[in-house]
Amino acid sequence: MKTKINKIGRWLMMAAFLISYSSFLISCSDDDHTGSVDISGSCLVEELVLNGQYKAVIDTEKRLIKVKVPVDFNEKDNMEITSLTVSAGAKTNLKVGDHINLDADKTLHITNGDLYLDYQVAVRNDEAILKLFLLEGVKGAINQDDKTVTVSVTANSGVDLTNATFEVECSEDATCSPASGTKGNFTEPFQITLTDNTATNTYTVYVTLIENPVALFVGKAENIEMLNVEEKAAAKWLTGNIEGSAYVSWQDIANGNVSLDEVKFVFIHMNSATSGSYNEFKTKEPEAMLAQPKLKELWKRGVGFVLGRSAVNYADALGAMPEDITPDNAWGGGGGEGSDVMGDDPWHFFVFDTAHPLWNNLKTYPGAPADAVYTLDKGYTICNTTLQFGDWNERYKGKDAWDATTGGNALGKGGDGKISVWELKSHSGNFGKGGVICFGTGLFDWNSPTPYTSNYHDNMGRIMLNAYKYLTN
């Protein structure tokens with residue numbers, strides 16, 4: 001009986017809802033109803049001209065109105081609107097005859113009945129600036145003062161300098177000649193000309209053949225372009241920012257294809273299958289173990305190492321960490337494709353000693369604790385591969401216990417207290433020159449598959465340069 005009553009009750013409630021909804025539809029279709037919305041017009045910008053001669057390019061989809069002015073134009077603080085055409089019946093907050101300061105973008109607000117749209121009005125000087133240069137995947141160092149690009153490649157790189165492919169990124173409206181993606185002869189100075197209306201710059205590319213590199217990025221692939229996207233981004237940072245640096249493979253090291261005589265710094269960042277122990281690492285990364293004897297000799301010689309993500313296990317291969325001590329809390333190992341997207345307040349880790357040289361000159365998040373380090377930005381996506389020490393193990397619980405167990409120096413931890421950044425001593429028994437720095441934190445990330453504006457991610461480069469100085473004196 002109770003079931004029948006419940007069913008009848010539900011049917012009555014549904015019927016009452018349908019009757020009420022029908023009445024609502026009738027009232028909304030009634031010609032005499034009040035509160036109507038006028039959406040009959042539109043809010044489009046058809047033309048904008050400043051100072052009687054600078055006509056805007058209007059991007060309706062992005063709601064951007066961009067006005068280009070000559071490269072040497074310096075009167076953006078007092079520009080006159082001499083023509084403004086919008087949709088019929090529309091009203092605007094800016095009018096013909098207005099004098100406005102366009103050193104910064106201004107908002108053009110348009111209304112038409114109950115519709116409205118905002119456009120950003122931007123005035124940009126013509127600009128022909130080279131932002132990025134790659135030669136067969138090797139990043140060049142750009143000097144904007146003398147308009148030169150210096151690229152360093154190793155003798156064993158396999159790059160045919162007589163017919164090498166180059167790629168460039170230019171300022172927004174500039175064109176490049178020869179075009180990006182074409183080939184050229186780089187055995188002699190090679191010139192690239194950028195043009196944007198009144199702006200023209202010619203850059204000269206000089207290629208240096210490195211016989212004796214001073215810094216190495218070591219990876220599994222034959223060349224940089226064959227690395228996964230995460231490792232490739234890390235490798236290109238090194239080759240583009242440390243003079244005399246080069247990419248080499250594990251096989252190059254093992255087979256003696258590269259001179260190690262002048263090497264004083266090695267960077268290994270592996271976004272591969274994580275391992276909870278050094279023994280697992282040896283099984284999963286056989287290529288890395290081929291180079292182990294020679295890289296261990298480098299550490300004994302006083303060469304400094306930075307190890308990222310899965311590569312932190314290589315500290316055991318070098319002899320810098322006891323073999324029975326490895327990160328016991330590990331996950332991830334994707335190809336760098338990303339899984340976690342940053343919000344307004346990007347993730348961060350905490351450091352034990354804010355005065356450590358590794359954290360010099362970092363950008364800080366407004367209002368963040370003094371011991372917080374940010375390496376990500378809003379919109380940045382990471383795959384969050386992580387190798388850290390679980391604080392459930394008494395040997396690793398807290399900095400003092402971790403330091404005593406490992407002989408190292410815990411540098412950073414996650415919000416949950418787990419040790420995720422640490423340093424190990426040099427072969428001579430000291431921290432600093434010739435030591436090993438390990439970034440097991442997932443926030444030590446080099447590649448985002450989603451677009452973002454780089455701000456705190458610039459800290460990655462600052463940390464690496466600090467590490468380079470700290471480990472090499």
Side-chain angles (χ1 to χ4, degrees), residues 217 219-220 227-237 267-277 280-281 284-285 306-315 326-352 358-359 362-363 365 368-369 371-393 396 402 410-422 437-464 467:
F217 185 97
K220 185 182 298 186
L227 292 169
N228 66 50
V229 292
E230 171 68 20
E231 295 170 5
K232 183 193 301 184
K236 286 185 176 179
W237 181 90
F267 181 22
I268 309 173
H269 185 68
M270 299 175 67
N271 199 66
S272 56
T274 56
S275 308
S277 71
E280 289 178 325
F281 179 88
K284 293 180 179 179
E285 306 295 343
V306 169
L307 307 177
R309 290 198 168 162
S310 305
V312 299
N313 275 309
Y314 210 70
T326 52
D328 61 346
N329 185 214
W331 66 85
E337 67 281 357
S339 61
D340 295 293
V341 184
M342 300 299 106
D344 290 329
D345 183 3
W347 300 346
H348 49 278
F349 61 90
F350 298 92
V351 301
F352 292 102
L358 208 61
W359 318 125
L362 301 186
K363 290 184 179 179
Y365 192 87
D371 58 347
V373 170
Y374 285 79
T375 56
L376 306 169
D377 292 289
K378 181 179 179 180
Y380 192 102
T381 303
I382 63 171
C383 58
N384 202 23
T385 301
T386 301
L387 290 91
Q388 60 187 11
F389 290 84
D391 58 1
W392 50 77
N393 188 323
Y396 309 140
W402 190 92
L411 298 175
K413 61 181 179 179
D416 56 4
K418 296 179 176 63
I419 306 297
S420 57
V421 184
W422 59 95
I437 293 177
C438 296
F439 290 95
T441 173
L443 278 61
F444 190 67
D445 192 278
W446 291 93
N447 174 73
S448 173
T450 55
Y452 67 99
T453 299
S454 183
N455 185 18
Y456 302 108
H457 196 253
D458 294 343
N459 282 338
M460 293 285 290
R462 291 186 177 89
I463 290 170
M464 284 297 298

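Hydrogens, waters and symmetry mates are skipped; everything else that's a heavy atom, side chains included, is used. Count residues from 1 along the sequence.
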On a heavy-atom basis, which atom in [X] and which in [Y] lie closest, and how many Å separate them?
X    : Y    : result
P346 : D344 : CD-O, 3.3 Å
N384 : W331 : O-NE1, 3.1 Å
H348 : V373 : CB-O, 3.1 Å

I'd like to check [X] versus [Y] (side-chain heavy atoms, cut-off strictly below 4.5 Å). Are they in contact?
X    : Y    : result
V351 : L411 : no
W237 : M464 : yes
K418 : W392 : yes
D416 : Q388 : yes
W422 : V312 : yes

Evaluate the criterion side-chain contact (heavy atoms from CB on, under 4.5 Å) for residue pair N455 and T453; output intermediate values, then yes/no.
CA-CA 6 Å; N455 185 18; T453 299; 5.6 Å; no

Take atom NZ of K363 as the centre, draw a 6.0 Å sphere, and report whether it contains more than 12 heavy atoms from other residues, nucleotides or ligands.
yes

Donor-acceptor pair, distance only, cut-off 3.5 Å: does the side chain of [X] make one with the backbone of [Y]?
X    : Y    : answer
S272 : M270 : no
T375 : M460 : no
R309 : L387 : no
W359 : D371 : no
S448 : T381 : yes
D377 : H457 : yes
E230 : N447 : yes
T441 : S420 : no

Would F217 and L227 count as a side-chain contact (heavy atoms from CB on, under 4.5 Å) if you check the C-alpha gap in whole Å, the side-chain angles of each, and the deciding distance to 0.1 Å?
CA-CA 11 Å; F217 185 97; L227 292 169; 4.2 Å; yes

Show your working on side-chain contact (heavy atoms from CB on, under 4.5 Å) between F281 and T326 and close with a plain yes or no.
CA-CA 10 Å; F281 179 88; T326 52; over 6 Å; no

Could you give me the CA-CA distance, side-chain angles and deciding distance for Y456 and K378, then say whether side-chain contact (heavy atoms from CB on, under 4.5 Å) is met?
CA-CA 9 Å; Y456 302 108; K378 181 179 179 180; over 6 Å; no

When rounded to the nearest 0.5 angstrom, what distance separates [atom1] in [X] from [atom2] in [Y]?
X    : Y    : atom1 : atom2 : result
N459 : L443 : CG    : CG    : 11.5 Å
L307 : Y314 : CG    : OH    : 9.5 Å
F444 : I437 : CZ    : CD1   : 9.5 Å
S310 : I268 : OG    : CD1   : 12.0 Å
T386 : D445 : OG1   : CG    : 9.5 Å
W402 : F352 : CH2   : CZ    : 9.5 Å

Kindly assign one of parallel, tilted or perpendicular to the pair H269 and F267, based on the angle between their ring planes and the thresholds 30° and 60°.
tilted

Hey, can you tell me if Y452 and Y380 have their rings parallel, tilted or perpendicular (30° and 60° cut-offs)?
perpendicular

Would you call K220 and E231 a salt bridge, using N to O less than 4.0 angstrom?
no

Could you tell me which residues satisfy salt bridge (charged side-chain N to carboxylate O under 4.0 Å, His left out) with K232, sequence neighbours excluded, listed by chain and number?
E225

With distance as the sole criterion, is a donor-acceptor pair present between the side chains of N271 and T385 under 3.5 Å?
yes

For side chain to side chain donor-acceptor pair (under 3.5 Å), just list the numbers for Y374 and D345, CA-CA rounded to whole Å, side-chain angles, deciding distance to a tenth of an Å, and then say yes or no.
CA-CA 9 Å; Y374 285 79; D345 183 3; 3.1 Å; yes

